[in-house]
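Scroll down for the structure; my scribbles are underneath it.
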Number of protein chains: 2
Amino acid sequence: MSEWDGPGAGDAPPPASNLPADLDGIVGFHLRLAHGAVYRHFTETFAALNLTQKQVSVLWLVAAEPGLAQTALSARLQMDRATVMAIVNRLQDRGFVVRGKSAVDGRKQTLHLTPAGQAALAEARTAIGAHEDWLKARFTRAEVRKLIELLARIHG
Amino acid sequence: MSEWDGPGAGDAPPPASNLPADLDGIVGFHLRLAHGAVYRHFTETFAALNLTQKQVSVLWLVAAEPGLAQTALSARLQMDRATVMAIVNRLQDRGFVVRGKSAVDGRKQTLHLTPAGQAALAEARTAIGAHEDWLKARFTRAEVRKLIELLARIHG
DNA sequence: CAAAAGCCGTATGTGTTGCATACAAATATC
DNA sequence: GATATTTGTATGCAACACATACGGCTTTTG
């Protein structure tokens, strides 16, 4: 501890504003914080259901397209094949989803919801409603549309 | 396999549009996808530097406010105390950050960048520039401002 | 047709993060 | 001075992202 300003030299200066000004211009930074806040609220909202964002997304998509293959899932959710498998494994262990061989392409697995899975999804839809209301409460409808449009431009 | 539409009954219907229409209205869903896309590009951009978003954020903030305590960090980045500790541990192991006891409050640790940490941050700033350019390329300046404003309304 | 190439699911391991809990030390509050 | 509260720390657990490797199946190509 010598040539640079070592610890103990003095404590933090007055925090001034909460964040350094240059960080404020970083879109990715705000995106991360916003995502974190939404993630946190989502987790609270779904504590009782014990479901994560990804799990709900998978249930949702499989319900919308029964027989969907895992690769299709990974493409739509922009996730790794291995990650999708882990998620499907968990959902399968909990009896929400079943895998079956495709009659058309022997490589593919067809995914279907079980009745338990459909029940879970129904509950999840209600919870999503509350969660989205919380999120949208701070925006006008036009702003919500604008935000979605801007975010959609980021993911393909 | 019996009372519900079991597997093998038939494969996925024509994918129609890529996503179910109802998912399109979910702000959180788009936020997650956008965050994922940005996260992925960030990781690529920082592969050589071997730094994560959080690690860069911590370096950035500690540089801006030398002597910052970990609690202050966790507040500014909206992360758990335990999570911040894990990140600081890693940065410390790599010799980018040093902990020191606060002279003012014996409970607090003062954080400082080492020269290596400052060098890493300098490189990181360049990489962030490229990363942000990639991100902002799809927006006008006004849209960037609007997006930041909307995202800021989500995190406090 | 047979071989090569590609796709899909699977298995395994590593690293990062978020969260809960518990504990010790220092400080603040009453 | 006794009792909270704050701060950092230590551990463990769950979820993910990613890389790699492998076997089974399909498509392409020679």
Side-chain angles (χ1 to χ4, degrees), chain A residues 7 11-12 32-33 35-47 49-58 67-75 77-94 97-111, chain B residues 7 11-12 32-33 35-47 49-58 67-75 77-94 97-111:
Chain A
D11 281 12
R32 243 166 292 148
L33 284 188
H35 174 259
V38 170
Y39 176 82
R40 232 167 288 129
H41 185 271
F42 186 102
T43 304
E44 285 172 35
T45 308
F46 280 77
L49 279 173
N50 197 27
L51 285 170
T52 67
Q53 293 176 336
K54 311 283 181 176
Q55 289 167 356
V56 172
S57 298
V58 167
L68 202 63
Q70 291 182 192
T71 306
L73 263 183
S74 82
L77 297 177
Q78 304 185 209
M79 292 191 295
D80 199 82
R81 292 201 306 286
T83 303
V84 169
M85 197 195 57
I87 295 174
V88 172
N89 279 345
R90 257 168 250 130
L91 291 176
Q92 193 183 33
D93 290 348
R94 292 174 63 181
V97 149
V98 203
R99 283 187 243 239
K101 284 220 179 293
S102 163
V104 178
D105 188 331
R107 295 169 296 186
K108 293 182 181 171
Q109 296 274 24
T110 62
L111 298 176
Chain B
D11 282 13
R32 244 166 290 148
L33 283 189
H35 174 259
V38 170
Y39 176 83
R40 230 167 290 129
H41 185 270
F42 186 103
T43 304
E44 284 172 34
T45 307
F46 280 77
L49 279 174
N50 197 27
L51 286 170
T52 68
Q53 294 176 335
K54 309 285 180 176
Q55 289 167 354
V56 172
S57 297
V58 167
L68 201 63
Q70 291 182 191
T71 305
L73 263 183
S74 82
L77 297 177
Q78 304 185 212
M79 291 190 294
D80 199 83
R81 291 200 306 287
T83 304
V84 169
M85 198 194 56
I87 295 173
V88 171
N89 279 346
R90 256 169 250 128
L91 291 174
Q92 193 183 34
D93 290 346
R94 292 174 64 182
V97 149
V98 202
R99 283 187 243 240
K101 282 219 179 298
S102 164
V104 178
D105 188 331
R107 296 169 295 185
K108 292 183 182 173
Q109 296 274 20
T110 62
L111 297 176

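The sequence lines fix the lettering, A, B, ..., with proteins before strands; numbering per chain opens at 1. Values below: all heavy atoms of this structure, side chains included; hydrogens, waters and symmetry mates excluded.
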Sequence-distant partners of Gln92(A), side-chain hydrogen bond (donor to acceptor under 3.5 Å, both in side chains), two or more places apart: Arg99(A)
5′-ward residue of the pair Ile87(A)/Gly106(A) relative to DNA chain D: Ile87(A)
Most 5' of Gln78(A) and Thr71(B) on DNA chain D, judged by nearest nucleotide: Thr71(B)
To the nearest Å, how far apart are [X] [atom1] and [N] [atom2]?
X         : N       : atom1 : atom2 : answer
Asn89(A)  : dA15(D) : CG    : C1'   : 13 Å
Phe42(B)  : dA17(D) : CZ    : P     : 16 Å
Lys101(B) : dT9(D)  : NZ    : C1'   : 11 Å
Lys108(A) : dT26(D) : NZ    : C1'   : 10 Å
Asp80(B)  : dC13(D) : CG    : C1'   : 14 Å
Gln70(B)  : dT6(D)  : CD    : C1'   : 13 Å
His41(B)  : dA17(D) : NE2   : P     : 18 Å
Leu77(A)  : dA15(D) : CG    : P     : 17 Å

Got a second to check how far [X]'s [atom1] is from [Y]'s [atom2], nearest 0.5 Å?
X         : Y        : atom1 : atom2 : result
Leu111(B) : Leu91(B) : CG    : CG    : 9.5 Å
Leu73(A)  : Arg81(A) : CG    : CZ    : 13.5 Å
Met79(A)  : Leu33(B) : CE    : CG    : 9.0 Å
Ser57(A)  : Leu51(A) : OG    : CG    : 10.5 Å

Arg90(A)/Thr52(A) under side-chain hydrogen bond (donor to acceptor under 3.5 Å, both in side chains): CA gap, chis, key distance, verdict: CA-CA 11 Å; Arg90(A) 257 168 250 130; Thr52(A) 67; over 6 Å; no
Residue-phosphate contact under 4.0 Å: Gln53(A) side-chain N/O, dC16(D) OP1/OP2: no
Phosphate-side-chain proximity, Arg107(A) and dT27(D), N/O vs OP1/OP2 below 4.0 Å: no
Contact interval (first through last nucleotide) of DNA chain C with protein chain A, 4.0 Å heavy-atom: dG6(C) to dC19(C)
Closest to the Arg40(B) side chain, choosing from dC18(D), dG8(D), dA17(D): dC18(D)
Most 5' of Gly36(A) and Ala82(A) on DNA chain C, judged by nearest nucleotide: Ala82(A)
Thr43(A) or Gln109(A), whichever maps to the more 5' nucleotide of DNA chain C: Gln109(A)
Would you indicate what [X] reaches in the nucleic acid, counting non-hydrogen atoms under 4.0 angstrom: base, sugar-phosphate, or nothing?
X        : answer
Arg90(B) : base
Thr52(B) : sugar-phosphate
Ala86(B) : nothing

Base of dT7(D) paired with side chain of Arg81(B) (donor-acceptor, under 3.5 Å): no
Helix axis bend for the helix from dC1(C)-dG30(D) to dC30(C)-dG1(D) - C1'-based end axes, five pairs, 10° rounding: 30°
Set of side chain to side chain contact (heavy atoms under 4.5 Å, CB included) partners for Ala82(A), sequence neighbours left out: Asp80(A)
With Arg107(A) via side chain to side chain contact (heavy atoms under 4.5 Å, CB included) - residues at least two apart: Asp105(A)
Under 3.5 Å, which donor-acceptor pairs link side chains of residues 36-43 of chain A to any protein atom two or more places apart or in another chain?
{"unit_1": "Arg40(A)", "atom_1": "NH2", "unit_2": "Gln78(B)", "atom_2": "O", "d": "3.1"}
{"unit_1": "His41(A)", "atom_1": "ND1", "unit_2": "Thr45(A)", "atom_2": "OG1", "d": "3.3"}
{"unit_1": "His41(A)", "atom_1": "ND1", "unit_2": "His131(A)", "atom_2": "ND1", "d": "2.8"}
{"unit_1": "Thr43(A)", "atom_1": "OG1", "unit_2": "Tyr39(A)", "atom_2": "O", "d": "2.8"}

Student check: side-chain heavy atoms of Leu77(A) and Val84(A) closer than 4.5 Å: no
